[in-house]
Protein chains: 2
Amino acid sequence: MTTEAANSSTRVLPHPEPSEIRLEAVLHALSDPLRLQVVRELAADGHELSCSHFDLPVTKSTTTHHFRVLREAGVIRQIYRGTAKMNVLRGDDLGDLFPGLLDSVLAAAARQAARLGTG
Amino acid sequence: MTTEAANSSTRVLPHPEPSEIRLEAVLHALSDPLRLQVVRELAADGHELSCSHFDLPVTKSTTTHHFRVLREAGVIRQIYRGTAKMNVLRGDDLGDLFPGLLDSVLAAAARQAARLGTG
DNA sequence: ACCGTAGTACGATGCTTATCGTACGAGTCG
DNA sequence: CGACTCGTACGATAAGCATCGTACTACGGT
């Protein structure tokens, strides 16, 4: 049973507070190719993107797993909107905690993608 | 004798070419607390430091393992000098490949260390 | 030649992670 | 309601990784 009368989009996901975000966890989250790709797309778009928007070469289960890793590391924020689950970069929080870090990682990823031939 | 250069004898260690260095591997190498600490000390010192200079809370075997991960990711360069194995950051190579990345990671690490009250 | 120091190699172990499949829940729309 | 879509939960599996201990090599000094 739903423990709570389903007030649409009242499903809330746990996110780490800025004070709980660890650099090591952020770096680890970004060290996976799939997750780094997701972060790049989120940064490039700048808006909320649903999980299903991403065309990852893994199953839905694995996709859920990767998004959770990103969320629990504090890299993204996830919000339910209807049946969809929207994802946004926590650019502000990360910028406050680690100024310039996200930008240089994204720049590095873009640079490597260009170097390796259209990524 | 000698003491000058040219003491890097027979034993040579494999290092990735700059073109072989992958961002994901670098981020993964830096995502371990011990390895990040090593990199911070190397950056702070700026000179060659032997493996035994670092006082890591793990055995020699594990220390060897962590230095190898850093070397194979392209983060450090290792050279034998007598019985010692010297380590130095590949700051130039990383700076060419991923401008600003290493600096912002180091800054982030310093910031987090201060925030967590490292003493 | 010997010994001590620095580091390696190898095998084992236990933990973490990436992956999948299937069954299920939550929400939308006809 | 019923069907459909999006995503979750759980269990299983396989690979990776951090760690250790012991046995070993390489080098330098005495």
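Atoms considered below: every heavy atom in the structure, side chains included; atoms not considered: hydrogens, waters and symmetry mates. Residue numbering restarts at 1 for every chain, and letters A, B, ... go by the order of the sequence lines. Quantities reported herein were computed from a predicted structural model and do not represent experimental measurements.
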A.B. asks: So, is B:T62 close to the D:dA18 phosphate, meaning a side-chain N or O under 4.0 Å from OP1 or OP2?
C.D. replies: no

A.B. asks: Please determine, for the side chain of A:R11, which listed nucleotide (C:dA18, C:dG27, D:dC20) has the closest atom?
C.D. replies: C:dG27

A.B. asks: Taking the side chain of B:R35 as its heavy atoms from C-beta onward, which of D:dA18, C:dG21, C:dT19 lies nearest to it?
C.D. replies: D:dA18

A.B. asks: Side chains of A:Q37 and A:D32, heavy atoms from C-beta outward: is any pair under 4.5 Å?
C.D. replies: no

A.B. asks: With heavy-atom distances below 4.5 Å as the criterion, would you say the side chains of A:H15 and A:Q78 are in contact?
C.D. replies: yes

A.B. asks: Using whole Å, report how far CG of A:D55 lies from P of D:dG7.
C.D. replies: 13 Å

A.B. asks: Rounded to whole Å, please give me the gap between NZ in A:K60 and P in D:dT5.
C.D. replies: 10 Å

A.B. asks: So does B:S52 get a side-chain nitrogen or oxygen closer than 4.0 Å to the phosphate oxygens (OP1/OP2) of C:dT5?
C.D. replies: no

A.B. asks: Quick check: does any side chain N or O of B:E20 sit under 3.5 Å from a backbone N or O of B:E17, one acting as donor and the other as acceptor?
C.D. replies: yes

A.B. asks: Judged by atom type as modelled, is there a donor-acceptor pair below 3.5 Å linking the side chain of A:S104 to the main-chain atoms of A:G100?
C.D. replies: yes

A.B. asks: Do B:F98 and B:V105 have side chains that get closer than 4.5 Å, going by heavy atoms?
C.D. replies: no

A.B. asks: Can you see if the side chain of A:H66 gets near the phosphate of C:dT17 - specifically, an N or O under 4.0 Å from OP1 or OP2?
C.D. replies: no

A.B. asks: Rounded to whole Å, how long is the line connecting atom CD1 of B:I76 with atom P of C:dG7?
C.D. replies: 12 Å

A.B. asks: Using heavy atoms to find the nearest nucleotide of DNA chain C for A:V69 and B:C51 separately, return the residue whose nucleotide is more 5′.
C.D. replies: B:C51

A.B. asks: Which whole-number value in Å describes the distance from A:Y80 OH to C:dG27 C1'?
C.D. replies: 11 Å

A.B. asks: Could you check how far CG of A:L70 sits from P of D:dG7, rounded to whole Å?
C.D. replies: 15 Å

A.B. asks: Just to be sure I understand the rule, does A:T64 reach a base, reach only the sugar-phosphate, or reach nothing, if contact means heavy atoms closer than 4.0 Å?
C.D. replies: base

A.B. asks: Note down the inter-axis angle between the two ends of the helix from C:dA1-D:dT30 to C:dG30-D:dC1, five pairs each, to the nearest 10°.
C.D. replies: 20°

A.B. asks: A:A84 or B:L34: which one's nearest nucleotide on DNA chain D is closer to the 5' end?
C.D. replies: A:A84

A.B. asks: How many whole angstroms separate atom NE2 of A:H65 from atom C1' of D:dA15?
C.D. replies: 13 Å

A.B. asks: With hydrogens left out and only the distance checked, is there a donor-acceptor pair under 3.5 Å joining B:S50's side chain and the base of C:dA6?
C.D. replies: no

A.B. asks: Side chain of A:H28: nearest nucleotide among D:dA18, C:dT17, D:dA26?
C.D. replies: C:dT17

A.B. asks: Please determine, for the side chain of A:T83, which listed nucleotide (D:dA18, D:dT5, C:dC20) has the closest atom?
C.D. replies: D:dT5

A.B. asks: Is any side-chain N or O of B:K85 under 3.5 Å from a base N or O of C:dG7, one able to act as donor and the other as acceptor?
C.D. replies: no

A.B. asks: OG1 of A:T63 to CZ of A:R68: how many Å apart, nearest 0.5 Å?
C.D. replies: 11.5 Å

A.B. asks: Holding to side chain to side chain contact (heavy atoms under 4.5 Å, CB included), I want the full list of residues that pass it with A:V88, two or more places apart in sequence or in another chain.
C.D. replies: A:E48

A.B. asks: What integer distance in Å separates A:N87:CG from D:dG7:C1'?
C.D. replies: 11 Å

A.B. asks: Could you check whether any side-chain N or O of A:R111 sits under 3.5 Å from a backbone N or O of B:L97, counting only pairs where one atom can act as donor and the other as acceptor?
C.D. replies: yes

A.B. asks: What nucleic acid atoms does A:S61 come within less than 4.0 Å of, heavy atoms only: base, sugar-phosphate, or nothing?
C.D. replies: base

A.B. asks: Is the phosphate of D:dG28 approached by B:R81 (side-chain N or O, under 4.0 Å from OP1 or OP2)?
C.D. replies: no

A.B. asks: Separation of A:L56 atom CG from C:dT19 atom C1', in whole Å?
C.D. replies: 13 Å

